[in-house]
Amino acid sequence: MLRTISGWIALLLAGYLPASLQSSNPVAPAASTNRALLDRYCVTCHNERSATAGLMLDKANVENAGEGAAVWEKVVHKLRTGAMPPPGRPRPDTASYNSLITDLETALDRASAANPNPGRPAIHRLNRAEYTNAIRDLLAIDIDGELLLPIDEVNHGFDNIGDALSVTPVLFERYMSTARKIARLEVGEPGSRPFSEKYEVHKFLMQDDRMSEDLPFGSRGGIAIRHHFPSDGEYTIRVLLQRNSRNYIRGLAEPHQLDFRLDGERIQVLTVGGGDELKGKPGPIFSQAAQIGDPISEAYENGGAEAHLEVRFQAKAGTHVAGITFLKKNFVPEGVFRPRMTQFELVQYKGGEPAIDNVVITGPYNAAGLGDTPSRRKILVCRPARIAEEGPCAGKILSTLARRAYRRPVTDKDVRALLSVYEIGRNESGFEAGIRAALERILVGPEFLFRIESDPPNLAPDTAYRISDLELASRLSFFLWSSIPDDPLLNLAESGKLKDPAILSQQVRRMLDDPRSRSLVTNFVAQWLYLRNIHSKTPDPRLFPEFDENLREAFLKETELFVESTLREDQSVLRLLDANYTFLNERLARHYGVPNVYGSHFRRVTLGPEFEARRGLLGHGSLLTVTSYGNRTSVVLRGKWLLENILGAPPPSPPPNVPSLDDSGTAGKPLPLRQLMEQHRKNPACAGCHAAIDPLGFALENFDAVGRWRTADAGTPINASATLPDGTQLDGPSELRNMLLGRPEDFAGVVAERMLTYALGRGLEYYDVPAIRKIVREAAREDYRWSSFILATAKSMPFQMRRSQKP
Amino acid sequence: MSGANASPIGRSNQQMSGANLSPTMIFKTAIPRRTFLRGIGTTLALPLLDAMTPAMAAPDKPAKRLSIVYIPNGRIMQQWMPKAEGTDFELPLLLQPFAPFRDRLLVVSGLCLNIAKAWPGEEVGVHERPCGAYLTGVHPKWTDGADIQNGISLDQIIAREFGKHTQLASLEVGLDSAGILGACEKGWSCAYVNTLSWRTPTTPTPMENDPRKVFERLFGDAGSTDSAERRSILRRNNSILDSVSEATAGVLRGLGPNDRTKISEYLDSVRDIERRIQIGEQQTSRELPSLERPAGVPATFQEHARLMYDLLVLAFQTDLTRMTTFMVGREKTERTYPEIGVPDGHHPLTHHGWDPQKIEKVVQIEALQSKMFAYYLEKLRSTPDGDGSLLDHSIITYGSGISEGNGHSVVDLPLVLAGGGSGELKGGRHIRYPQNTPLANLQLTLLDKLGIPVENFGDSNGKLDLLAV
């Protein structure tokens with residue numbers, strides 16, 4: 001709701017508002033003064049007769065703002081952003097303006113404290129990420145959630161909003177088949193038939209260097225795979241090589257060594273390419289449909305060359321890393337300099353070096369035993385030696401499992417239900433089959449899939465109450481880890497100690513320090529900043545021929561590592577905007593023009609004074625690409641992104657039927673972007689919003705659509721100057737950054753609002769705003785550090801409480 | 001596939017930008033079961049209304065099935081097209097393997113995909129358009145972006161109706177691996193060649209090429225078709241779902257009315273799966289030919305095709321579905337056939353430029369594909385179904401959207417119909433239709449024969465008289 005307030009926005013009136021408003025010295029409520037202010041400056045439009053924007057301030061009681069919080073929070077929001085009165089209309093002096101805001105906020109906060117409204121989050125189904133993490137923590141097994149489960153609905157910018165997460169028959173079917181797969185992997189299935197798992201390498205991932213930290217130094221290309229081997233036995237790895245569009249295998253002219261490893265230990269090396277078969281007359285290096293080579297070369301290049309690329313080896317049950325890669329051949333190219341080939345040329349080219357298209361791991365053959373994998377050890381807390389021991393052992397295993405999976409103490413009824421399913425499986429094929437069946441039951445049941453919060457019995461309807469410790473434990477773990485609570489947290493909750501503020505703080509800090517809090521980066525920040533959109537961006541290969549999957553992955557990695565470093569080091573969130581370092585590998589450094597960075601792994605790099613413009617998130621290729629089109633930058637997308645995600649003043653939606661930009665200049669030359677955007681300025685219907693949006697984007701024009709620094713566009717020198725609606729002048733990213741840093745409480749407000757939405761799993765309403773203000777105040781005391789936001793959120797009223805059902 | 005969606009299919013959206021054709025499909029409401037069941041024992045006087053047919057799958061009257069098999073890159077028409085028409089036609093080389101089924105074979109010629117010809121301004125896409133139009137009768141939209149647009153395909157229309165009675169509404173399989181990304185040719189999305197099947201004008205249905213995954217779709221977790229194993233899995237699933245339903249009832253009791261909606265949705269899904277399992281239980285009593293869950297994708301074409309045909313037969317035999325679509329190869333497929341001595345890619349070979357050696361190789365590939373199709377027909381014939389065989393009660397089409405591959409001709413397409421269609425098809429003839437008869441007329445006719453009559457389909461201009469001599 002807060003984000004959809006429509007109407008005119010004139011933004012960022014730095015001249016009108018002081019940099020920080022502290023309600024530390026409330027003047028004795030000059031309510032009559034406030035009434036007079038409203039009557040003079042607001043009621044002209046916002047009265048009962050005209051009801052502009054549905055607001056009737058003549059009738060609203062400003063002396064008792066707490067009573068009409070829904071209305072007055074709207075008013076406060078407009079005043080805080082300086083949007084009202086609209087530009088051109090008379091405005092009170094700064095002191096009175098600010099005093100009105102302070103009075104209103106104080107009254108609203110007081111009313112909220114007296115009569116808290118924590119809202120009521122809807123029942124929460126575990127989303128895909130939470131399910132995957134829960135399996136990891138419950139069963140010590142890694143599954144590919146993205147492959148097994150469908151994508152979740154997004155609402156309010158996040159995919160963990162209870163309202164939006166539903167269960168359809170298709171999804172339930174997937175839960176059932178996923179549970180079966182997991183149970184088989186976890187407990188093992190004796191006598192399982194061999195089956196294949198295929199792992200593909202993305203076609204546009206350049207395999208010209210070391211591909212992953214799991215592959216050895218001096219390797220080139222290929223893939224490292226974390227594969228679960230279901231039992232001890234023999235397995236095969238089969239490799240198929242990359243082909244061009246005419247189906248010829250690439251890079252066979254010279255011999256190359258293909259290295260196969262398991263957990264870093266070499267299994268075998270096979271030679272690829274350079275066969276005598278090519279001594280005849282092979283087809284041309286850029287394959288044609290009509291011209292083919294002699295039959296022997298054709299057979300070789302169409303498949304013969306890879307027929308032998310299979311290795312057979314013994315493996316123990318459990319998860320292992322299979323590495324398949326080429327040994328790097330070091331050479332310096334001679335002759336005429338060849339620019340990097342575009343994807344168009346590559347599809348027909350069969351020269352260069354060979355690359356891997358996909359790897360198939362098949363097995364187990366001659367399965368020997370289920371082995372002793374970490375996952376089996378985790379759940380099989382006892383192993384029955386005799387038939388008589390089976391029942392009690394099953395009970396023990398299942399109740400331990402269920403407690404963690406259901407996030408609460410198990411009842412006799414729970415255990416009996418699980419044991420009856422166990423019995424069916426056990427009667428079919430023994431103890432382990434019984435455990436598997438019961439595990440499947442756990443994983444598809446409502447107790448696991450849903451986060452259930454219950455109103456206390458005998459509580460009056462529509463009343464705020466403190467949620468139980470167990471419910472709080474789940475809220476905490478899903479907030480900080482996107483996963484189930486661990487045993488220490490559960491134990492504390494069960495013994496009722498989580499209510500103690502000191503213990504709560506201690507747990508929050510412990511959970512932040514835990515590596516699982518990385519989910520705050522990959523789930524919370526990635527969605528808040530639209531980082532996930534990087535996967536769907538397709539920069540035009542004609543304009544950006546050097547953009548490939550390696551760069552896309554590098555963009556993502558840079559931002560994730562950067563954000564994580566600020567989190568782990570508990571820095572102020574403001575450092576996200578202006579830190580003097582980032583994380584680069586050679587590919588990315590080359591892209592940015594940062595010298596002396598070699599190798600494919602990421603390392604922290606301090607940005608010297610010549611890279612001042614790159615500091616902070618605004619200099620990251622990821623976000624610069626996400627906020628561009630495939631063929632050009634967009635000041636509107638960038639301005640909108642800044643308004644939404646950094647300044648907390650999202651612009652209203654455009655009117656329908658806005659025609660697209662007329663690209664062509666009169667002389668047949670493409671117009672520079674600034675001239676195109678003139679249309680926004682000239683047309684008053686557009687200018688109202690675009691006067692706030694466009695200038696922010698112009699300040700970033702030195703970064704092209706894939707985040708490179710440029711000084712000209714289509715022959716025209718870049719003009720990164722901008723004038724904000726309040727008259728402030730900016731030129732370039734550094735000045736933009738300084739402007740943003742000059743209003744830290746705006747950014748802090750965004751962080752608090754986004755974080756509270758994510759933590760609660762529901763959209764925020766007017767009655768949540770006092771909580772946001774409180775979080776910002778508490779964070780300000782600690783310099784806006786990450787931990788201060790997180791602690792304040794965990795302690796906030798809506799997080800600790802819930803509203804009971806309406807009658 | 002949930003029984004909840006029982007309403008007849010509404011209007012379909014087949015507007016193509018720039019097209020004169022704006023075909024709309026109006027479906028007659030299927031006559032409710034009750035109306036005819038009463039009269040089933042004494043229906044001699046009642047005309048056999050096609051609209052009743054799908055609901056008429058009473059236990060001793062086996063249902064009709066449709067199986068579409070698509071062959072890519074056209075055919076060497078000289079070796080395919082019989083010269084004589086009527087009942088006394090010779091079987092050229094590529095139709096020779098179908099000789100044992102002559103009385104169940106209808107060779108159809110003269111149909112064309114004029115709708116797939118390039119529109120003014122369009123370039124290339126000579127494989128994308130025919131493939132996209134084969135089951136839709138619509139000119140696919142020229143785009144390589146996210147705004148792909150085609151029509152709803154024949155098999156999906158049938159699936160919506162047949163799916164009311166089977167566990168799987170339809171099954172789409174192929175032999176070439178799943179999609180190439182992005183643009184296949186200048187401006188034409190690969191979506192148009194990756195599949196024949198379109199659930200909506202903008203939703204292509206992927207074709208599964210991994211026999212293991214197909215097996216799992218049909219038989220779930222079972223390691224084989226052994227009925228004891230399937231029964232044991234069913235028992236286990238039933239007990240899990242029973243337990244889940246009970247627990248959910250308990251959860252529901254403790255919730256307020258608003259929260260109940262979410263859990264009720266969940267419970268509905270549980271019940272839906274239970275229902276399908278119940279349908280499945282009826283099939284476990286049948287003994288099926290023994291087939292173990294395949295390990296993965298076989299290495300050679302022949303093994304892969306044989307396995308896939310086996311699975312298609314099983315799908316009909318178990319009544320898990322009555323509508324299957326099989327793409328033997330993707331248009332422009334570069335598959336090589338080293339096992340028969342053809343190491344060259346299929347597609348480049350079909351651009352033979354009238355080189356007899358290349359033509360010979362193409363014929364070898366096509367003959368192998370015919371041979372595998374004959375294997376399929378044989379399996380269908382030898383699988384009992386009610387009072388006859390699966391072949392008697394199915395309609396199988398085997399054809400391509402391109403005739404002469406060298407020139408990407410879309411007229412006079414290679415096409416045969418096989419099977420008895422429960423009396424709807426009369427084989428043993430070669431019918432040549434007048435020039436420019438749209439392929440969509442065949443699709444329209446098939447819909448009619450399968451009891452889903454519509455007024456028009458794609459660019460159809462009438463039905464085909466399949467009983468002509």
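First the proteins, then the strands, lettered A, B, ... as listed; each starts at 1.
The environment of Glu153(A) atom CD is sparse: at most 12 non-hydrogen atoms of other residues, nucleotides or ligands sit within 6.0 angstrom. A 6.0 Å sphere centred on CG of Leu205(A) holds more than 12 heavy atoms belonging to other residues, nucleotides or ligands. Shown here is Glu303(B), whose CD atom has more than 12 heavy atoms of other residues, nucleotides or ligands within 6.0 Å.
For the set Ile263(B), Leu255(B), Val251(B), Asp355(B), the entry with the most heavy-atom pairs within less than 4.5 Å of chain A is Ile263(B). Of the listed residues (Thr336(B), Val270(B), Thr261(B)), the greatest number of heavy-atom pairs within a distance under 4.5 Å of chain A belongs to Val270(B).
Heavy atoms only, all atoms of each residue included: Ile240(B) and Ala437(A) are closest at CD1-O, 3.7 Å. Residues Arg212(B) and Ser196(A) approach most closely at NH2-O, 2.8 Å, considering heavy atoms. Residues Ser243(B) and Val421(A) approach most closely at CB-CG2, 3.9 Å, considering heavy atoms.
A donor-acceptor contact shorter than 3.5 Å is absent between the side chain of Lys262(B) and the backbone of Val167(A).
In this structure, the side chains of Met176(A) and Leu241(B) come closer than 4.5 Å at one or more pairs of heavy atoms. For the pair Arg120(A) and Asp259(B), the minimum side-chain heavy-atom distance is below 4.5 Å. A heavy-atom distance below 4.5 Å is not found between the side chains of Arg436(A) and Arg236(B). Contact check for Phe172(A) versus Asp272(B): no side-chain heavy atoms found under the 4.5 Å cut-off.
Within the 4.5 angstrom heavy-atom criterion, no atom of Leu267(B) approaches chain A. Only the side chain of Glu447(A) comes within contact range of chain B, judged by heavy atoms closer than 4.5 Å. Both the backbone and the side chain of Ile123(A) come within contact range of chain B, with heavy atoms under 4.5 Å apart. Residue contact with chain B, scored on non-hydrogen atoms closer than 4.5 Å, is absent for Leu171(A). Ser177(A) does not touch chain B: none of its heavy atoms, backbone or side chain, sits under 4.5 Å away. For a residue to count as touching a neighbouring chain, one of its non-hydrogen atoms must lie under 4.5 Å from one of that chain's; by this rule Val342(B) does not touch chain A. Only the side chain of Lys198(A) has a heavy atom closer than 4.5 Å to any heavy atom of chain B.
Rounding to the nearest 0.5 angstrom, the gap separating the OG atom in Ser239(B) from the CD atom in Glu440(A) is 9.0 Å.
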Please walk me through it: do Asn237(B) and Arg180(A) pass side chain to side chain contact (heavy atoms under 4.5 Å, CB included)? CA-CA 10 Å; Asn237(B) 284 347; Arg180(A) 259 196 297 278; 3.5 Å; yes
